[in-house]
Visitor: 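Pasting a structure below so you can have a look.
To find a chain, count down the sequence lines: A is the first, B the second, and so on, and within it residues start at 1. Just so we're clear, the structure is a prediction, and the values are computed from it rather than from any experiment. Only this structure's heavy atoms are used, side chains among them; waters, hydrogens and symmetry mates stay out.
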Amino acid sequence: MTIPFNHKAIEKKWRENWKKKPINVYDEKKQKYYCLDMFPYPSSNGLHVGHWRGYVISDVWSRYKLMQGHYVIHPMGWDAFGLPAENYAIKMGVHPVKSTSENIANIKRQINDIGALYDWNMEVNTSDPQFYKWTQWIFIQMFRKGLAYEKEFPINWCPSCKTGLANEEIVHGRCERCGAEVTKKNLRQWMLKITKYADRLLGDLDKLDWPEKVKKMQKDWIGKSYGMEIDFLIKGKNERITVYTTRVETLYGVTFLVISPEHTLAAKLATKENREAVEKYILDVSMKSNVDRLQAKKKTGVFTGNYAIHPLNQKEIPIWLSDYVLADHGTGVIMCVPAHDDRDFEFAKKFNLPIIPVIAEDGEKNESMTKAYTDVSGIMINSGEWNGKKLSVLKQEAPMIIEKRGFGRKMVNYKLRDWVFSRQRYWGEPIPIIHCPHCGNVSVPEEELPLILPKIENYHPTETGESPIANIDEWVKCKCPICSSEAKRETNTMPQWAGSSWYFLRYVDNHNDVEFVSRKKVNQYLPVDMYIGGVEHAVLHLLYSRFYTKFLYDIGVIDFDEPFQRLFNQGMITGENDIKMSKTTGNMVSPDDLVRDYGCDSLRMYELFIGPPEVDVEWNERGIDGVSRFIKRFWKLAMDSKDVNVLPTSEMIKIRHHLIHDITCRMEKFSLNTVISTFMKYNNKLINLSKKTKGIDRGTIEIFTKLLAPFVPHVAEEIWEQYGNTETVFHEKWPKYSEEIMKDDTVRIPVQINGKTKAVISIENNISKDDALAQGRNAIAEHLTGNVVKEIYVSGKIVNFVMR
RNA sequence: GCGGCUAUGGCGAAAUUGGCAGACGCGACGGGUUUAGGUCCCGUUGGGGAACCAUGCAGGUUCAAAUCCUGUUAGCCGCACCA
């Protein structure tokens with residue numbers, strides 16, 4: 001009699017059992033393994049099948065590690081502060097405190113449907129005062145070390161979200177969250193000196209087992225360049241102007257300098273005759289939005305009326321202003337070599353400036369240029385004493401020559417900017433700083449933390465560039481902790497990324513109220529061994545977390561300086577026609593109905609079977625019947641075989657070991673979709689065999705069940721118990737295979753003529769080349785009619801005859 | 001504009017990393033069980049009568065190429081005046 005398969009009853013039973021008796025508990029004898037998910041922000045009304053997939057991937061991996069004998073740290077929490085959560089609350093017209101907790105409850109229910117291993121005792125919520133107390137504490141440590149500082153300058157401003165943004169939050173000149181065009185606004189801001197860590201953030205990427213793509217994105221974002229600063233004297237004045245360049249070898253080709261309109265020297269450099277035009281240009285540029293400035297294809301500019309003196313040939317070089325030069329990179333001034341730079345070329349053409357080629361491919365002069373020659377090879381021309389040198393040689397020598405002559409020095413530059421850290425919004429951690437008229441900026445005393453976000457009714461963002469909490473007098477007014485005079489609190493809040501920059505540390509000691517995390521625990525359980533999430537955080541959260549970790553390492557509170565050893569980016573699940581799933585497009589597929597109809601185990605398996613875990617896939621439900629059938633078929637095989645007591649044949653034992661081998665290899669490659677194909681293949685094989693033998697031996701079924709357990713934990717537990725086991729299957733060791741047992745005496749190899757297969761033969765493993773060729777020849781004798789010029793045998797692989 | 005990734009049946013995809021292309025699944029077709037439908041079970045399923053032809057397209061290297069090289073097209077992603 002076959003025991004019928006009832007996924008609902010099985011799931012319910014095992015959820016309760018695991019709750020009563022957790023299967024993943026701390027054991028000092030076990031090695032730790034920290035498998036982390038990117039935690040969700042509770043901004044919408046639920047998860048879709050794409051989020052679910054990421055959590056299934058991490059759960060399968062966690063359970064696999066558990067069975068390999070690790071104590072697995074697999075926590076979950078809520079990225080509850082910040083713009084996404086607040087914008088959702090505003091849209092729904094509820095207070096973020098309320099919407100956040102409601103959303104968390106709903107998402108938690110959905111996550112529980114995964115049947116995952118999460119240890120909810122470790123749960124964190126970034127908007128919980130007991131958590132953000134320590135987010136504030138870290139800020140104070142940065143403030144003390146001079147890494148958090150205040151500055152007023154034109155920052156990126158989202159007019160829709162009504163807040164300043166970090167560079168990382170701007171995509172194509174638009175707000176990363178809402179898509180509005182970002183403008184500039186002069187605001188007093190809190191900044192974090194992430195640039196101090198630029199070099200380490202770059203260099204330490206080499207230590208990480210991360211996708212190359214993400215490493216490259218971070219590398220490009222940090223944007224280190226090696227160049228020189230070169231001084232030019234200004235004609236008629238006893239002043240110099242300094243440019244930054246990475247192409248010093250083209251120095252003789254300089255025909256003009258361009259200074260950024262935002263540069264402090266820009267207005268000063270204008271001569272009397274040019275003052276009006278220069279001031280107008282500076283004003284015009286300041287009115288342009290980021291998007292305008294990016295999309296402006298045509299070069300604009302204005303002549304200052306002043307000239308610089310070329311340091312090598314003393315020629316007069318006109319100094320121009322143009323917005324294609326950025327004020328905050330290098331020195332904000334560039335030397336222009338129109339013959340060898342596309343942008344300079346375009347500018348020179350537009351304003352009729354001279355173009356002097358200094359590199360020629362063949363060393364010949366070619367005066368009529370239609371575009372810049374930007375190749376990095378060639379021979380120098382028009383370059384005085386440098387004429388005839390190879391470009392590659394001069395590139396090495398020029399910096400030394402210039403340094404010796406004293407008008408330039410080697411310099412390194414980065415694209416990375418300091419992190420604009422304050423937001424003019426309500427739903428975030430208050431920045432724990434007090435502005436005292438006598439003492440300046442003073443941090444809130446640590447014993448007063450957490451500095452609680454005041455509960456207010458009108459939390460909507462203001463137009464003024466001030467946070468809504470600036471309106472609460474009783475909160476803003478305070479005493480200076482140093483001199484006790486009347487002072488004011490900082491009213492800006494921290495960005496959404498503040499909590500997520502360190503939350504993974506807090507999980508392992510989430511109730512600690514004397515330290516942000518105990519030193520013992522954090523060093524015992526971290527760094528994270530495997531971090532799973534989408535690629536969208538490549539330069540946001542992942543860069544910020546690395547910065548925080550390095551800072552905490554530097555102040556001596558943790559012993560590691562990289563947070564995430566291995567990173568895995570799961571592919572996105574899109575809706576029909578590859579459109580991103582979202583509430584607004586109305587194409588969200590919720591896992592809820594599928595869990596109800598097919599069961600959690602089937603959906604888990606299907607979400608993995610749909611495609612390689614790292615590749616984006618368009619959602620469809622066509623294949624879910626396939627995995628559902630597979631589970632039922634294996635269930636039936638196991639139940640039918642249970643009381644038959646079939647003895648394992650040597651053939652069966654060999655199959656077992658091949659199964660273990662094939663599954664384990666694919667697990668190690670993280671090829672979860674083909675792990676499932678392999679299960680299906682072997683299931684078919686066993687079902688066919690069982691027709692002859694009237695069942696499958698217990699050992700084989702048990703091994704199959706163990707291998708299957710990380711994927712379909714509920715069904716696996718039930719089968720395991722049906723087989724008379726009283727302990728959870730997850731306390732079993734991941735099965736091992738033996739190469740010795742797997743070995744076959746014979747191997748089937750193709751026999752080819754000119755690379756085309758004509759037959760397949762079975763040959764003995766250790767056969768000699770001559771014997772193999774002889775057997776091959778026999779097998780395809782009728783095709784061997786021509787002149788065989790070459791015979792190839794690759795042991796265990798192939799026989800090939802080359803015929804003319 | 002610069003850089004990266006991808007391209008394989010009707011569909012999702014495999015291919016031990018240069019060695020039998022299309023595993024596994026969906027769908028479709030045929031058959032069986034069932035009063036019937038569903039479930040379930042068993043076949044067939046890249047094209048072509050065949051030799052053969054097929055991994056976006058065109059070349060190349062090799063005894064042998066989906067895999068390596070060169071060029072090219074399309075799609076996606078990242079950066080976007082960073083000097």
Side-chain angles (χ1 to χ4, degrees), chain A residues 171-173 211-214 216-217 220-221 223-225 227-228 243-248 250 257-258 260 293-297 299 322-326 328-337 340-344 346-347 374 413-417 535-536 538-539 572 574 578 606 609-612 614-630 632-633 636 661-662 665-666 669 671 673-684 687 691 748-760 788-794 796-803:
Chain A
V171 182
H172 304 301
E212 286 307 316
K213 182 186 168 176
V214 176
K216 187 166 186 313
M217 280 167 75
D220 290 349
W221 191 261
K224 186 174 188 176
S225 69
M228 286 197 90
V243 306
Y244 174 71
T245 183
T246 55
R247 299 286 309 269
V248 272
T250 62
L257 304 189
V258 173
S260 162
R293 198 162 164 172
L294 283 176
Q295 284 172 346
K297 286 276 186 295
K299 294 272 180 289
S322 175
D323 67 352
Y324 83 93
V325 177
L326 304 174
D328 55 358
H329 190 264
T331 60
V333 189
I334 61 169
M335 59 174 226
C336 297
V337 186
H340 305 293
D341 182 280
D342 292 325
R343 299 151 300 183
D344 297 348
E346 193 192 333
F347 195 83
T374 53
N413 255 291
Y414 298 92
K415 279 162 74 172
L416 185 71
R417 297 293 126 82
V535 76
E536 65 273 17
V539 288
M572 196 174 40
T574 56
D578 278 332
Y606 180 57
F609 188 58
I610 193 166
E614 69 280 6
V615 171
D616 293 350
V617 280
E618 199 179 302
W619 179 257
N620 71 76
E621 278 159 38
R622 287 193 294 275
I624 192 164
D625 285 318
V627 290
S628 184
R629 269 172 214 152
F630 158 73
K632 280 186 242 170
R633 275 154 56 89
K636 186 167 182 300
H661 170 266
D662 290 1
C665 288
R666 285 168 171 79
K669 277 165 52 191
S671 177
N673 55 324
T674 63
V675 170
I676 294 170
S677 304
T678 305
F679 278 133
M680 289 172 166
K681 192 170 102 184
Y682 277 91
N683 191 39
N684 291 342
I687 287 170
K691 280 174 194 155
R748 288 167 60 80
I749 63 166
V751 182
Q752 300 182 331
I753 292 178
N754 298 339
K756 301 259 184 278
T757 302
K758 297 293 172 191
V760 178
V788 175
V789 282
K790 200 169 176 185
E791 298 174 326
I792 291 151
Y793 171 62
V794 180
K797 296 271 187 190
I798 205 144
V799 173
N800 193 12
F801 297 102
V802 184
M803 232 163 64

Visitor: How is A:N800 classified with respect to the nucleic acid when contacts are heavy atoms under 4.0 Å: base, sugar-phosphate, or nothing?
Guide: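 Contact class for A:N800: base.
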Visitor: Rounded to whole angstrom units, what separation is found between the NE2 atom of A:H172 and the P atom of B:C81?
Guide: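 So the two atoms are 12 Å apart, to the nearest Å.
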Visitor: Please give the distance between the P atoms of B:A54 and B:U39 as a whole number of Å.
Guide: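 Nearest-Å result for B:A54 against B:U39 at atom P: 40 Å.
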Visitor: Which sits closer to the 5' end of RNA chain B, A:V760 or A:D342, going by the nucleotide each is nearest to?
Guide: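 By nearest-heavy-atom nucleotide position, the 5'-most residue is A:D342.
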Visitor: May I have the distance from A:E614 (atom CD) to B:A13 (atom C1'), rounded to whole angstrom?
Guide: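 My rounded result for the distance is 12 Å.
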Visitor: For the side chain of A:K213, starting at C-beta, report the closest nucleotide among B:C24, B:A80, B:C77.
Guide: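 Among B:C24, B:A80, B:C77, the one nearest the side chain of A:K213 is B:C77.
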Visitor: Would a distance-only check, ignoring hydrogens and angles, find a side-chain to backbone donor-acceptor pair under 3.5 Å from A:N800 to A:E791?
Guide: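 Not a single qualifying donor-acceptor pair exists.
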Visitor: From the options B:A83, B:G12, B:G19, select the nucleotide whose nearest atom is closest to the side chain of A:H329.
Guide: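 The answer is B:A83.
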Visitor: Suppose you measure atom P in B:G71 against the same atom in B:G25; what distance do you get, rounded to whole Å?
Guide: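 My reading of the P atoms in B:G71 and B:G25 gives 41 Å.
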Visitor: OP1 or OP2 of B:G25 sitting under 4.0 Å from any side-chain N/O of A:R629?
Guide: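 The answer is no; no side-chain N or O of A:R629 sits under 4.0 Å from OP1 or OP2.
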Visitor: Considering only atom C1', compute the distance from B:G46 to B:A58 and round it to an integer number of Å.
Guide: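 Straight-line distance between the two C1' atoms is 23 Å.
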Visitor: Is any side-chain N or O of A:T245 under 3.5 Å from a base N or O of B:A83, one able to act as donor and the other as acceptor?
Guide: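 No, no donor-acceptor pair under 3.5 Å.
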Visitor: What class does the angle between the rings of A:Y324 and A:F347 fall in, given that below 30° is parallel, 30 to 60° is tilted and above 60° is perpendicular?
Guide: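 The arrangement is tilted - the two ring planes meet at 30° to 60°.
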Visitor: Can you tell me if A:K216 touches the phosphate of B:G4, counting only side-chain N or O atoms and a distance under 4.0 Å to OP1 or OP2?
Guide: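 No, because none of the side-chain N or O atoms of A:K216 sits under 4.0 Å from OP1 or OP2 of B:G4.
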Visitor: In whole angstrom, give the distance that lies between atom CG of A:D662 and atom P of B:A15.
Guide: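 About 12 Å, once rounded to whole Å.
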Visitor: Would you find a donor on one side and an acceptor on the other, under 3.5 Å apart, between the side chain of A:T245 and the backbone of A:M228?
Guide: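 It does not hold such a pair.
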Visitor: Select base, sugar-phosphate, or nothing to describe what A:K224 touches, counting heavy atoms under 4.0 Å on all strands.
Guide: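 If one applies the 4.0 Å heavy-atom cut-off, A:K224 turns out to touch nothing in the nucleic acid.
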Visitor: The side chain of A:K691 lies closest to which of these nucleotides: B:C81, B:C41, B:C11?
Guide: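 Side chain of A:K691 sits closest to B:C41.
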Visitor: Touch check for A:N673, heavy atoms < 4.0 angstrom, all strands: base, sugar-phosphate only, or nothing?
Guide: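 Sugar-phosphate, backbone atoms only, no base.
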Visitor: Between B:A83 atom P and A:L257 atom CG, what is the distance in whole Å?
Guide: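 After rounding, the gap between these two atoms is 17 Å.
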Visitor: Phosphate oxygens OP1/OP2 of B:C41: is one of them under 4.0 Å from a side-chain N or O of A:R633?
Guide: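 Yes, A:R633 has a side-chain N/O under 4.0 Å of OP1/OP2 on B:C41.
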Visitor: Rounding to a whole Å, what distance do you find between A:F609:CZ and B:C26:P?
Guide: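 The distance from CZ of A:F609 to P of B:C26 comes to 8 Å, rounded to the nearest Å.
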Visitor: Let's test your reading of the model: under 3.5 Å, does the base of B:C20 pair with the side chain of A:K756 as donor and acceptor?
Guide: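 Under the 3.5 Å cut-off, the side chain and the base do not form any donor-acceptor pair.
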Visitor: Kindly give the heavy-atom pair with the smallest separation between A:G611 and A:V617, and that separation in Å.
Guide: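 Shortest heavy-atom separation between A:G611 and A:V617 comes out as CA-CG1, 4.3 Å.
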Visitor: Between CZ of A:F679 and OG1 of A:T674, what distance do you get to the nearest 0.5 Å?
Guide: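 Output value for this atom pair is 10.5 Å.
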Visitor: Write down the distance separating the C1' atoms in B:C2 and B:A80, rounded off to the nearest Å.
Guide: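 Between the two C1' atoms, the distance is 8 Å.
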Visitor: Among the nucleotides B:A15, B:C24, B:G27, which one has an atom lying closest to any side-chain atom of A:K681?
Guide: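 Looking only at side-chain atoms, A:K681 lies closest to B:C24.
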Visitor: Looking at the side chain of A:V802, which of B:C63, B:C24, B:A13 is the nearest nucleotide?
Guide: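 Of the options given, the side chain of A:V802 lies nearest B:C63.
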Visitor: Side-chain N or O of A:S225 less than 4.0 angstrom from OP1 or OP2 on B:A83?
Guide: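 Affirmative; the distance criterion is met.
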Visitor: Please report the distance, rounded to the nearest Å, between CG in A:N754 and P in B:A51.
Guide: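 Atom CG in A:N754 sits about 17 Å away from atom P in B:A51.
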Visitor: Between B:C11, B:A80, B:C63, which nucleotide gets closest to the side-chain atoms of A:I792?
Guide: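 Out of B:C11, B:A80, B:C63, the nucleotide with an atom closest to A:I792's side chain is B:C63.
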Visitor: Atom CE of A:M335 to atom P of B:A83: distance rounded to whole Å?
Guide: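 So the CE-P distance, A:M335 to B:A83, works out to 12 Å.
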Visitor: When you match A:Q752 and A:R666 each to their closest nucleotide on RNA chain B, which lands nearer the 5' end?
Guide: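 Its nucleotide being nearer the 5' end, the pick is A:R666.
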Visitor: Take the protein atom CE of A:M217 and the nucleotide atom P of B:C5, then report the distance between them rounded to whole Å.
Guide: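 Nearest whole value for this atom pair: 14 Å.
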Visitor: Of all the nucleotides listed (B:A83, B:C24, B:C20), which has the minimum atom distance to the side chain of A:T757?
Guide: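 Between B:A83, B:C24, B:C20, the one nearest the side chain of A:T757 would be B:C20.
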Visitor: When you measure from the side-chain N and O atoms of A:N684 to the phosphate of B:G25, is any distance below 4.0 Å, counting only OP1 and OP2?
Guide: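 Yes.
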Visitor: Which value, in whole Å, describes the distance between the C1' atoms of nucleotides B:G60 and B:A50?
Guide: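 Roughly 32 Å separates the two C1' atoms.
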Visitor: Just N and O in the side chain of A:N620: are any of them under 4.0 Å from OP1 or OP2 of B:C26?
Guide: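 False: A:N620 side-chain N/O out of range (4.0 Å or more) of B:C26 OP1/OP2.
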